Amino acid sequence: MSGIDIEVGREFPRNQVPLRELRARLLDRATPYGVREDVWAELVFRTQSEGGDWPLAAVWMMAPGLREAAARVVRGSTLPFPDAEAEVIEGFLNELRTIDVDVGGVASRLWWAGYRCGLRARSRYSGAVRAVPLMERWALHARNSVPGRPDFVLDRAVYAGAVTAEEAELIGRTRMEGEGLAAAARRLGLGYTACRARRAVAEERLARYLLVTGSAPGPDIPSRSSLTELAEAA
């Protein structure tokens, strides 16, 4: 699939327009609103009637707008951008499958559906982190610090009962070994949102463990609660 058949008068003199050219035209502010509506109505029709690669084509066509929506979602939030972007795309795709093109404003409604989905994910993420209780101090007595390696921090946290071995593996693989969260969700048999929430809760417990035990101030152990810093120290 390299192009789309569409009749929009003099704007596109050829019957089939390559998707790359089509997206460039849609991003051009000089392109009339009616042309944009015709293009998106056709993309929605192809997605709903034919399936196949058309949903992917629609995501690619809206990609600049979806990235902007994800950037807005993470502004002032601790939600990671890749997670926000995935949620925005999911909301966009859900709307794409059911949207009624006869109502009008197709592109705008698709964008807002993705953006709202991202906002809901941000709220869930923040709520999950706030809901984590501080652990009992008896569970926070770690072994002596082992210099240098962030994975040793995770080992000590498991030993102390701050996180489970499965949670430590999830954090280690996605934060320090480069495994994507979507891939981790498939490996664990979880939905993407559930996997993200599980990691967020475990990371908050780990952060509290490091702060309460005083493991953080040493020169070899990161002193901030952000697991990103642990990854950078590897």
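Residue indices begin at 1 and follow the sequence shown. Everything numeric in this text was worked out from a predicted model, so none of it was measured. Hydrogens, waters and symmetry mates are skipped; everything else that's a heavy atom, side chains included, is used.
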task = Flag the pair Arg46 and Asp53 as a salt bridge only when some basic side-chain nitrogen lies within less than 4.0 angstrom of an acidic carboxylate oxygen.
result = no
note = So CD of Glu203 and CZ of Arg199: to nearest 0.5 Å the spacing works out to 5.0 Å
task = For Glu68, check side-chain contact (heavy atoms from CB on, under 4.5 Å) against everything at least two apart and list the hits.
result = Arg72
query = Are any side-chain N or O atoms of Arg109 and backbone N or O atoms of Gly104, one a donor and one an acceptor, separated by less than 3.5 Å?
reply = yes
task = Taking Glu37 for its side chain and Gly105 for its backbone only, find out whether a donor-acceptor pair lies under 3.5 Å.
result = yes
key: Results of side chain to side chain donor-acceptor pair (under 3.5 Å) for Arg97 - residues two or more places apart only   = Asn94
query = Should side-chain heavy atoms under 4.5 Å link Ile, Leu, Val, Met, Phe, Trp and Tyr, which residues sit in the same cluster as Phe81?
reply = Val74
inquiry  = So which atom in Gly118 and which in Glu87 form the shortest heavy-atom distance, rounded to 0.1 Å?
reply    = CA-CB, 4.2 Å
inquiry  = For Gln48, give me all partners under side chain to side chain donor-acceptor pair (under 3.5 Å), at least two apart in sequence or on another chain.
reply    = none
message = To the nearest 0.5 Å, what is the distance between OG1 on Thr98 and CG on Leu93?
response = 11.0 Å
remark   = Ala58 and Phe92 have their tightest heavy-atom pair at O-CZ, 3.7 Å
message = Let me confirm one number: the CG-SG distance from Leu170 to Cys195, rounded to the nearest 0.5 Å.
response = 5.0 Å
ask   = For Arg173, which residues count as a side chain to side chain donor-acceptor pair (under 3.5 Å) partner, sequence neighbours excluded?
value = Glu169, Glu179
query = Excluding sequence neighbours, so at least two apart, what forms ring pair (Phe, Tyr, Trp, His ring centres under 6.0 Å) with Trp60?
reply = none
task = Quick one: pull up CH2 in Trp40 and CE in Met62 and give me the separation to the nearest 0.5 Å.
result = 4.0 Å
Pairing residues for Ala41 by the side-chain contact (heavy atoms from CB on, under 4.5 Å) criterion, not counting sequence neighbours = Val101
Partner set under side chain to side chain donor-acceptor pair (under 3.5 Å) for Arg120, not counting sequence neighbours = none
inquiry  = According to side-chain contact (heavy atoms from CB on, under 4.5 Å), who are the partners of Ala86, at least two apart in sequence or on a separate chain?
reply    = Tyr192
message = Could you check whether any side-chain N or O of Thr174 sits under 3.5 Å from a backbone N or O of Leu181, counting only pairs where one atom can act as donor and the other as acceptor?
response = no
inquiry  = Please check: side-chain N/O of Arg36 versus main-chain N/O of Leu26, any donor-acceptor pairing under 3.5 Å?
reply    = yes
request  = Give the minimum heavy-atom separation between Leu154 and Ile171, together with the two atoms involved.
outcome  = CD2-CG2, 4.2 Å
key: Separation of Leu96 CG from Trp54 CH2 (nearest 0.5 Å)   = 11.5 Å
ask   = Any idea which heavy atoms bring Tyr115 and Ala69 closest together, and the distance?
value = CD1-O, 3.7 Å
request  = Just do the side-chain contact (heavy atoms from CB on, under 4.5 Å) check on Trp112 and Glu95 with the steps written out, would you?
outcome  = CA-CA 9 Å; Trp112 278 102; Glu95 184 74 6; over 6 Å; no
key: Contact check, side chains of Glu85 and Leu66, non-hydrogen atoms, under 4.5 Å   = no
task = Write down the atom of Arg205, the atom of Val163, and the distance for their closest heavy-atom approach.
result = NH1-CA, 3.7 Å
remark   = side-chain contact (heavy atoms from CB on, under 4.5 Å) filter on Thr164, not counting sequence neighbours, yields Glu166, Glu167
query = Quick one: CG on Leu206 to CZ on Arg156, what's the gap to the nearest 0.5 Å?
reply = 9.5 Å
query = Where is the tightest heavy-atom contact between Ala113 and Gly91, given as atom of each residue plus distance?
reply = CB-O, 3.9 Å
